[in-house]
Amino acid sequence: MSDLKVNVIAHPLIQHKLTLMRDEETGTKDFRQLLEEISMLMAYEITRNMPLTEVDVKTPVTVCKSKVLTGKKIAVVPILRAGLGMLNGVVNLIPAARVGHVGLYRDPETLKPVEYYCKLPSDVGERTLVVVDPMLATGGSAAAAIDLLKEKGAKSIILMCLVAAPEGIKVVNEAHPDVEIYVASVDECLNDHGYIVPGLGDAGDRIFGTK
Ligand code: PRP
Ligand code: URA
């Protein structure tokens with residue numbers, strides 16, 4: 001665990017809401033809302049060090065120096081389908097963000113990711129991409145999504161997940177050492193079906209009420 005490169009966002013509100021999400025009694029409506037709330041709080045944390053520059057602004061009273069964001073613009077890239085559950089939370093905080101979509105599902109037999117969709121902003125190379133997916137399990141989906149984004153020209157990528165297994169963090173660290181990973185929790189391990197333990201079950205099914 002100690003050699004894993006990962007940022008755990010330990011904010012009490014995030015941890016409290018994550019506990020509610022883990023509870024198997026939490027239904028679709030609350031699960032979806034909690035994920036959106038946590039995603040917004042996580043986005044607040046990951047943008048904490050965004051660069052600022054000073055500009056002149058004329059208030060109704062006087063002219064003064066004041067700060068605005070500078071540096072790369074953001075695009076949010078949810079990994080379909082469960083990543084969609086994190087999109088609104090981030091976009092609520094960064095309304096001007098562009099949105100790309102990467103469609104991947106994990107084959108239940110092989111646990112390998114299968115790509116089925118990719119649509120990205122045309123200036124992908126000039127933006128910082130925030131890839132969102134609640135679950136980082138084997139790491140296969142996230143690593144494949146990042147491969148694809150780099151093939152399309154992405155140069156600056158952040159991965160934001162809710163719950164991660166150490167195995168998945170290791171896979172992404174090794175495949176993409178340049179990608180900073182942010183999570184709300186590093187859980188214990190994976191079970192024989194590639195599910196995160198203790199985790200929260202199948203995130204996509206719980207967000208969309210499918211089974
Ligand atoms: C889940 C999850 C991740 C992936 C994680 O998606 O949202 O994308 O599994 O597993 P991995 O790290 O082992 O690749 P899933 O394949 O269930 O598809 P869904 O989002 O459409 O439900
Ligand atoms: N995908 C999920 O939705 N949950 C897990 O625990 C692992 C992969």
Side-chain angles (χ1 to χ4, degrees), residues 1 4-6 8 17-28 30-32 34-36 38-39 42 76-90 99-120 129-150 154 157-177 179-211:
M1 163 84 188
L4 298 177
K5 206 177 115 226
V6 63
V8 180
K17 290 171 192 288
L18 174 57
T19 301
L20 298 177
M21 291 185 72
R22 289 189 193 276
D23 188 338
E24 66 175 4
E25 299 293 331
T26 299
T28 295
D30 289 341
F31 190 90
R32 205 185 281 152
L34 288 161
L35 182 57
E36 183 172 329
I38 292 179
S39 304
M42 289 185 77
V76 191
V77 182
I79 301 179
L80 307 179
R81 153 191 78 133
L84 286 175
M86 299 181 80
L87 176 62
N88 283 349
V90 182
V99 179
H101 294 85
V102 172
L104 291 175
Y105 70 87
R106 195 174 70 156
D107 184 293
E109 303 298 326
T110 65
L111 301 185
K112 298 281 178 234
V114 182
E115 183 195 329
Y116 60 89
Y117 188 73
C118 182
K119 184 82 179 171
L120 302 171
L129 306 187
V130 182
V131 177
V132 294
D133 190 331
M135 309 309 277
L136 181 60
T138 66
S141 302
I146 296 166
D147 280 341
L148 186 59
L149 295 174
K150 288 183 176 176
I157 301 175
I158 293 169
L159 176 63
M160 184 172 117
C161 300
L162 186 63
V163 179
E167 294 90 327
I169 296 168
K170 188 163 185 285
V171 163
V172 176
N173 280 169
E174 286 177 1
H176 300 289
V179 172
E180 199 80 28
I181 306 175
Y182 292 84
V183 301
S185 174
V186 179
D187 278 12
E188 284 162 29
C189 59
L190 295 176
N191 69 14
D192 293 343
H193 304 287
Y195 273 79
I196 299 174
V197 180
L200 44 73
D202 188 306
D205 283 345
R206 295 194 67 187
I207 294 165
F208 295 108
T210 51
K211 194 74 194 98

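Here the structure is a predicted model, which means the values were calculated and not measured. One-based numbering, in listed order, for ligands and for the atoms of each.
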Practice item. For A82, take its heavy atoms, then give the atoms of ligand 1 lying under 4.0 Å from any of them. Key: 7 (O), 20 (O)
**Study point:** I181: which of V172, I158, L4 passes side chain to side chain contact (heavy atoms under 4.5 Å, CB included)
**Key:** V172
Check your understanding: Can you find a non-hydrogen atom of L111 under 4.0 Å from ligand 1?
Key -> no
Review point. Under 4.0 angstrom from ligand 2, any heavy atom of R106?
Key: yes
Exercise for review: Please test S185 against R22 for side-chain hydrogen bond (donor to acceptor under 3.5 Å, both in side chains), starting from the C-alpha separation and ending with a verdict.
Suggested key: CA-CA 11 Å; S185 174; R22 289 189 193 276; 3.1 Å; yes
Exercise for review: Decide whether an N or O pair under 3.5 Å exists between A137 and ligand 2.
Suggested key: no
**Study point:** M135-ligand 2 polar pair, N/O distance under 3.5 Å
**Key:** no
Point to revise | Beyond-backbone contact of L162 with M21, side-chain heavy atoms, under 4.5 angstrom | key: yes
Review point. Charged N to carboxylate O under 4.0 angstrom, K170 versus E174?
Key: yes
Point to revise | Where ligand 1 meets M135 - atom numbers and elements under 4.0 angstrom, heavy-atom basis | key: 2 (C), 3 (C), 5 (C)
Check your understanding: Relative to Y116, does R81 satisfy both conditions: NZ or CZ under 6.0 angstrom from the six-membered ring centre, and within 45 degrees of the ring's axis?
Key -> no
Point to revise | N/O donor-acceptor pair under 3.5 Å between K5 side chain and P177 backbone | key: yes
Point to revise | Per atom 14 (O) of ligand 1, closest listed option by heavy atom (S141, P108, A142, P113) | key: S141
Review point. Heavy atoms only: which of R206, M86, R81 is nearest to atom 21 (O) of ligand 1?
Key: R81
Exercise for review: May I ask you to decide if V77's main-chain N or O and H101's side chain share a donor-acceptor pair within less than 3.5 Å?
Suggested key: no
Exercise for review: Using atom types as modelled and distance alone, determine if a side-chain donor or acceptor of R106 lies under 3.5 Å from a backbone N or O of V114.
Suggested key: no
Review point. Going by the atom numbers of ligand 1, which of them fall below 4.0 Å from some non-hydrogen atom of Y105?
Key: 16 (O)
Point to revise | Subset of ligand 2 atoms that lie under 4.0 Å from at least one heavy atom of G201 | key: 2 (C), 3 (O), 4 (N), 5 (C), 6 (O)
Check your understanding: Protein heavy atoms: any of them under 4.0 Å from atom 19 (P) of ligand 1?
Key -> yes
Review point. Within 4.0 Å of atom 1 (C) of ligand 1 (strictly less), any protein heavy atom?
Key: no
Review point. Between T138 and ligand 1, which part of the residue brings a heavy atom under 4.0 Å of the ligand: side chain, backbone, both or neither?
Key: both
Review point. Is there a side-chain contact between V102 and K119 (heavy atoms, below 4.5 Å)?
Key: no
Exercise for review: Report yes or no: does D187 contribute a side-chain atom to a donor-acceptor pair with the main-chain N or O of C189 at less than 3.5 Å?
Suggested key: no
Review point. Which protein non-hydrogen atom lies closest to atom 8 (O) of ligand 1, naming both residue and atom, and how far is it?
Key: D133 OD2, 2.4 Å
Review point. Should you measure from each heavy atom of A203, which atoms of ligand 2 turn up under 4.0 Å away?
Key: 2 (C), 3 (O)
Review point. Can you list the ligand 2 atoms lying under 4.0 Å from a non-hydrogen atom of G194?
Key: 7 (C)
Point to revise | Polar contact flag for I196 and ligand 2 (N/O pairs, less than 3.5 Å) | key: yes
Check your understanding: How about K150: does its NZ atom have over 12 heavy atoms from other parts shown lying under 6.0 Å from it?
Key -> yes
Exercise for review: Kindly say whether L20 contributes a backbone atom to a donor-acceptor pair with the side chain of T26 at under 3.5 angstrom?
Suggested key: yes
Review point. Looking only at distance, does R106 have an N or O less than 3.5 Å from an N or O of ligand 1?
Key: yes
Review point. Please state which protein non-hydrogen atom is closest to atom 5 (C) of ligand 2 and give its distance, to 0.1 Å?
Key: Y195 CD2, 3.5 Å
Practice item. Kindly say whether I207 contributes a backbone atom to a donor-acceptor pair with the side chain of R32 at under 3.5 angstrom? Key: yes
Study note, to complete from the structure: Nearest non-hydrogen protein atom to atom 17 (O) of ligand 1, with distance, is D202 OD2, 4.2 Å
Study note, to complete from the structure: The atoms of ligand 1 lying under 4.0 Å from a heavy atom of G204, numbered in the order shown, are 22 (O)
